[in-house]
Amino acid sequence: YMGNKTISWINKTEGRDKFCKAIQYGSRFLKWHLQQRDKDLAQRFDSLFVSMRNARKLFRLFKSLNEYQKIEQLLNKKGDDDLDTILQILNRLFFLMYWGFDNLVILATIGFIKRDKAKLNRLGMTSWLLALVVALIINLKKLLSSYEEEAKISATIKHSLNETQNETLKAKLVKIRAGRNEIYLNLIKTLGDMIPALSGSELPKKLLNKTFNDGWVGMGGFISAVITSYQLYRGN
C-alpha cells in the first residue's frame with residue numbers, strides 16, 4: 001500500500017516537481033558542504049543541482065496560465081473577507097509574474113530567445129519573494145484567526161451546561177488545532193523559500209551588502225520541498 005501511494009505521489013506533476021526540488025536544493029547544500037572536503041564530488045553535486053534546476057524550469061513552461069485561472073476564480077468568488085481575497089489575488093498575481101520570468105530565463109538559457117538572463121532571473125526571484133511575503137501575511141492572518149476562534153469556543157464550553165453541544169464544540173477544537181499545525185507547516189516552508197528568493201533577488205546585497213551562501217540557500221529550499229512533499233504525500 002505504501003509503495004503504491006509513493007508511486008502515485010511521484011507520478012503527480014506537483015509531487016514530482018517537489019521531489020526534484022528536494023534533490024535540486026539538497027545538491028546545492030551538499031555542493032557547499034563538500035567544497036573544502038572533496039572538490040570533485042562537490043562539482044558533481046553542482047552539476048546535479050544545475051541540471052535539476054533547468055529540468056524543473058522546462059516543466060514549468062506556461063504555468064502562468066494556472067495562476068490566471070486562479071485569479072479569475074478569486075475575482076468571481078463571493079466572500080465575507082475582502083482583505084483575504086485581495087491578499088489571495090496579490091499572491092497569485094506575483095506568482096504569475098514569477099512563472100513568466102522563470103519561463104523567459106529557461107528559454108534564454110537554452111538559446112531560444114536572446115535576453116539578459118541574469119536580469120530576468122532577478123526580476124523573477126523578486127516576484128517570487130513578493131508572492132512569499134504575501135503568503136506569509138495570509139498564513140499569519142489565518143494563525144491569528146485560529147487562536148481567536150479557539151478562545152471563543154473554549155469560553156463557550158467553559159460556561160455551557162449543554163453536554164451535547166460541548167462535545168460538538170470539542171470536536172471543532174480538535175479540527176482547529178489540526179488546521180493550525182498545517183498553518184505552521186506553511187509558515188516554515190514559506191520562510192524556507194524566502195532564503196533562495198532573497199538570494200536570487202539580490203536585495204540583501206544591494207541593501208545590506210550581505211549575501212546568503214549556497215549552504216543557506218540549499219537548506220532553505222530543501223526544507224520547503226520536504227514539507228510540501230509531505231503535505232502532497234499525506235493528501236494523496
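Source: prediction; values computed, not measured. Atom set for the values below is all heavy atoms of this structure, side chains included, hydrogens, waters and symmetry mates excluded.
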Got [X] and [Y] here, is their nearest side-chain heavy-atom distance under 4.5 Å?
X	Y	answer
Asp17	Phe59	no
Leu173	Leu169	no
Met219	Phe212	no
Tyr184	Leu143	yes
Tyr230	Leu185	yes
Ser199	Ile195	no

Salt bridge [X]-[Y], side-chain N to carboxylate O under 4.0 Å:
X	Y	result
Glu182	Arg177	no
Glu148	Arg180	no
Glu67	Lys63	no
Asp40	Arg44	yes

Inset, instruction - Please assess Leu58 against Asn54 for the test side chain to side chain contact (heavy atoms under 4.5 Å, CB included), listing each intermediate value before the final yes or no. - result: CA-CA 6 Å; Leu58 281 167; Asn54 290 341; 5.6 Å; no
Inset, instruction - Kindly determine whether Asp193 and Lys21 satisfy side chain to side chain contact (heavy atoms under 4.5 Å, CB included), including the steps that lead there. - result: CA-CA 11 Å; Asp193 272 336; Lys21 180 180 178 180; 2.8 Å; yes
Work out which heavy atom in [X] is nearest to a heavy atom in [Y]; give both atom names and the distance.
X	Y	result
Ser201	Leu198	OG-O, 2.8 Å
Asn91	Ala131	ND2-O, 2.8 Å
Leu87	Val134	O-CG1, 3.2 Å
Tyr25	Pro196	OH-CB, 3.8 Å
Arg60	Trp99	CD-CZ3, 3.1 Å
Lys18	Ser229	CB-OG, 3.4 Å

Nearest-0.5 Å distance, [atom1] of residue [X] to [atom2] of residue [Y]:
X	Y	atom1	atom2	value
Ile227	Phe222	CD1	CZ	10.5 Å
Asn139	Leu191	CG	CG	9.5 Å
Ser154	Lys170	OG	NZ	10.5 Å
Arg37	Gln35	CZ	CD	10.0 Å
Ile176	Lys152	CD1	NZ	10.5 Å
Ile153	Lys172	CD1	NZ	4.5 Å

Same hydrophobic cluster for [X] and [Y], using side-chain heavy-atom links shorter than 4.5 Å among ILVMFWY?
X	Y	result
Tyr68	Phe62	no
Leu132	Leu203	yes
Ile137	Ile188	no
Leu74	Ile86	no
Leu144	Leu83	no

Hey, is the main chain of [Y] close enough, under 3.5 Å, to the side chain of [X] for a donor-acceptor pair?
X	Y	value
Thr168	Thr164	yes
Asp38	Leu34	no
Ser27	Asp46	no
Arg28	Gln24	no

Legend entry - Among Asp102, Thr109, Asn103, the one residue meeting side-chain hydrogen bond (donor to acceptor under 3.5 Å, both in side chains) with Lys57: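 With Lys57 as partner, side-chain hydrogen bond (donor to acceptor under 3.5 Å, both in side chains) holds for just one option, Asp102.
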Inset, instruction - For Gln231 and Lys189, test the side chains for any donor-to-acceptor distance below 3.5 angstrom and give the result as yes or no. - result: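 Yes, because at least one side-chain N or O of Gln231 sits under 3.5 Å from a partner of the opposite role on Lys189.
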Inset, instruction - Apply salt bridge (Lys or Arg N to Asp or Glu O under 4.0 Å) to Asp82 and list each qualifying residue two or more places apart in sequence or on a separate chain. - result: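 If we apply the salt bridge (Lys or Arg N to Asp or Glu O under 4.0 Å) test to Asp82, skipping adjacent residues, there are no hits.
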Inset, instruction - Could I get the full list of salt bridge (Lys or Arg N to Asp or Glu O under 4.0 Å) partners for Lys142, not counting sequence neighbours? - result: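 If we apply the salt bridge (Lys or Arg N to Asp or Glu O under 4.0 Å) test to Lys142, skipping adjacent residues, there are no hits.
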Legend entry - Heavy atoms from other residues, nucleotides or ligands near NZ of Lys114 exceed 12 (cutoff 6.0 Å):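 Atom NZ in Lys114 is not crowded, with 12 or fewer foreign heavy atoms closer than 6.0 Å.
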Inset, instruction - Step through the shown structure and confirm whether more than 12 heavy atoms of other residues, nucleotides or ligands are within 6.0 Å of NZ on Lys141. - result: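 Yes.
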Give the table of side-chain donor-acceptor pairs shorter than 3.5 Å for residues 117-130, with sequence neighbours excluded, one pair per line with atom names and distance.
unit_1	atom_1	unit_2	atom_2	d
Thr126	OG1	Arg122	O	2.7
Ser127	OG	Leu123	O	2.9

Legend entry - Parallel, tilted or perpendicular: ring planes of Phe29 versus Trp32, cut at 30 and 60 degrees: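 Taking Trp32 first and then Phe29, their aromatic rings sit tilted (interplane angle of 30° to 60°).
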Legend entry - Quiz item: cation-pi between Arg92 and Phe94, 6.0 Å / 45°: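 So Arg92 doesn't make the cation-pi contact.
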Inset, instruction - Apply side chain to side chain contact (heavy atoms under 4.5 Å, CB included) to Leu136 and Met194, showing your working. - result: CA-CA 10 Å; Leu136 198 65; Met194 285 181 84; 4.2 Å; yes
